[in-house]
Amino acid sequence: MNRIKLTSNLFLDEYIPKDLYLKYVGREHILIGLLDKRLITADQSLRNYFGAVTINNWWNEGERNWSGLRTPDSSYYSPTSQHTFGRASDKLFKDATPQEVWMRIENHWKELGISCIEKGSKVTWTHSDVRYWRGKDLLIVRP
């Protein structure tokens, strides 16, 4: 499979579910248009700071397929989720806990361009998104 580089460390297949990606091989520009560039920029900034990160890893025979864009084919799909609009990702950092990443985002959310995170004792990943948010502080959702 030809992987399409979005940034120095992030690839298109990390954001797009497998079936959709394979459907558009050779026409990846269509899929790139489904993602909010602000999300990719923010994720690359977090990757620069914390190191290796996993979003989707189906391309490497991994199990993660719905951690970026979500379509109605996903059991995690919600029509109002930021994942539906290419504005959210769920990340696992190799050398950082979700708590460490949340702290970084909470202290630098404006410069990162992140407007919302999920946070809670049962959350084992880092969800961040770049939704439109009129609040003066980072929106923290507790699932």
Side-chain angles (χ1 to χ4, degrees), residues 1-21 24-25 27-143:
M1 179 181 89
N2 185 26
R3 298 187 76 203
I4 307 300
K5 210 171 211 188
L6 298 175
T7 67
S8 58
N9 302 102
L10 298 172
F11 293 83
L12 181 61
D13 51 70
E14 294 181 274
Y15 291 93
I16 304 295
K18 183 178 182 177
D19 288 347
L20 185 60
Y21 191 93
Y24 286 91
V25 169
R27 298 176 296 154
E28 292 86 359
H29 63 282
I30 295 169
L31 301 176
I32 292 169
L34 300 176
L35 301 173
D36 191 312
K37 184 176 176 151
R38 298 172 301 160
L39 174 67
I40 298 162
T41 300
D43 284 351
Q44 181 62 53
S45 294
L46 292 171
R47 166 66 173 78
N48 291 346
Y49 189 83
F50 289 106
V53 65
T54 301
I55 303 172
N56 285 340
N57 63 0
W58 59 262
W59 58 271
N60 195 22
E61 299 186 28
E63 297 179 6
R64 293 175 64 87
N65 189 49
W66 298 108
S67 296
L69 185 72
R70 292 187 184 150
T71 68
D73 297 331
S74 169
S75 60
Y76 303 107
Y77 175 78
S78 166
T80 59
S81 169
Q82 296 305 301
H83 288 275
T84 300
F85 304 104
R87 293 190 293 251
S89 63
D90 294 337
K91 298 163 280 295
L92 300 173
F93 287 89
K94 181 179 179 186
D95 297 318
T97 66
Q99 293 79 6
E100 291 170 315
V101 182
W102 297 335
M103 185 178 302
R104 174 80 179 165
I105 294 171
E106 287 178 50
N107 290 327
H108 300 279
W109 64 278
K110 284 184 182 178
E111 69 189 64
L112 289 167
I114 294 171
S115 53
C116 177
I117 60 174
E118 281 182 357
K119 189 175 175 182
S121 60
K122 295 183 181 182
V123 178
T124 59
W125 59 90
T126 300
H127 167 98
S128 62
D129 67 57
V130 296
R131 72 181 71 195
Y132 174 69
W133 169 242
R134 293 177 18 166
K136 294 181 182 177
D137 296 312
L138 176 69
L139 177 61
I140 298 176
V141 176
R142 301 188 187 273

Can you list every pair that meets salt bridge (charged side-chain N to carboxylate O under 4.0 Å, His left out) and has a residue in residues 35-54, with sequence neighbours left out?
-> Asp36-Arg38, Asp43-Lys91
Flag side-chain contact, heavy atom, 4.5 Å: Trp58 against Asp13 = yes
Any donor-acceptor pair under 3.5 Å from Ser81 side chain to Tyr77 backbone | no
Which residue pairs satisfy the salt bridge (charged side-chain N to carboxylate O under 4.0 Å, His left out) criterion with at least one member in residues 92-104, sequence neighbours excluded?
-> none
In sequence, state the C-alpha distance, the side-chain angles, and the governing distance for Ile105 and Leu138, and then conclude on side-chain contact (heavy atoms from CB on, under 4.5 Å).
-> CA-CA 9 Å; Ile105 294 171; Leu138 176 69; 4.1 Å; yes
Distance-minimising heavy-atom pair for Ser8 and Gln44 | OG-NE2, 3.4 Å
With sequence neighbours excluded, what pairs up with Glu63 under the side-chain hydrogen bond (donor to acceptor under 3.5 Å, both in side chains) test?
-> none
Are Asp73 and Asp19 close enough, and set up right, to give a side-chain contact (heavy atoms from CB on, under 4.5 Å), and what steps lead you there?
-> CA-CA 10 Å; Asp73 297 331; Asp19 288 347; 5.8 Å; no
What residues, two or more places apart in sequence or in another chain, satisfy side chain to side chain contact (heavy atoms under 4.5 Å, CB included) together with Glu28?
-> Ile4, Leu12, Tyr21, Val25
Among all residues two or more places apart in sequence or in another chain, which pass the ring pair (Phe, Tyr, Trp, His ring centres under 6.0 Å) test with Phe93?
-> Phe50
Closest heavy-atom contact between Lys119 and Trp102?
-> CG-CE3, 3.5 Å
Pairs satisfying salt bridge (charged side-chain N to carboxylate O under 4.0 Å, His left out), at least one member in residues 50-59, at least two apart | none
Indicate the atoms forming the closest heavy-atom contact of Thr126 with Pro98, along with that distance.
-> OG1-CA, 3.7 Å
Considering all heavy atoms, the nearest Ile55-Gly68 contact | CG2-N, 4.2 Å
Find the distance between OG (Ser115) and CZ (Arg87) and round it off to the nearest 0.5 Å.
-> 9.0 Å
If a pair satisfies side chain to side chain donor-acceptor pair (under 3.5 Å) and one of its residues is in residues 131-143, list it, with sequence neighbours excluded.
-> Asp129-Arg131
Side chain to side chain contact (heavy atoms under 4.5 Å, CB included) partners for Pro17, two or more places apart = Leu20, Asn65, Trp66, Leu69, Thr71
In sequence, state the C-alpha distance, the side-chain angles, and the governing distance for Leu39 and Tyr15, and then conclude on side-chain contact (heavy atoms from CB on, under 4.5 Å).
-> CA-CA 10 Å; Leu39 174 67; Tyr15 291 93; 3.9 Å; yes
Counterpart residues, side-chain hydrogen bond (donor to acceptor under 3.5 Å, both in side chains), relative to Ser78 (two or more places apart) = Thr80
Only counting residues at least two apart or in another chain, list the ones meeting side-chain hydrogen bond (donor to acceptor under 3.5 Å, both in side chains) with Thr124.
-> none
So which heavy atom on Asn56 is nearest to which on Ile16, and how close?
-> ND2-O, 3.6 Å
Decide yes or no for Ile140 and Cys116: does some side-chain heavy atom of the first lie under 4.5 Å from some side-chain heavy atom of the second?
-> no
Applying side chain to side chain contact (heavy atoms under 4.5 Å, CB included), name anything that partners Trp125, two or more places apart in sequence or on another chain.
-> Asp90, Leu92, Glu118, Val123, His127
Check the pair Arg3, Trp59 against side-chain contact (heavy atoms from CB on, under 4.5 Å), reporting the backbone distance first and the verdict last.
-> CA-CA 9 Å; Arg3 298 187 76 203; Trp59 58 271; 3.2 Å; yes
List for me each residue that meets side chain to side chain contact (heavy atoms under 4.5 Å, CB included) alongside Asn60, sequence neighbours excluded, and say none if there are none.
-> none
Drop me the distance from Thr41's OG1 to Leu112's CG, to the nearest 0.5 angstrom.
-> 10.5 Å
Of all heavy-atom pairs between Leu46 and Ser128, which one has the smallest distance, and what is that distance?
-> CD1-OG, 4.5 Å
Salt bridge present between Glu14 and Arg64 (N-O < 4.0 angstrom) | no
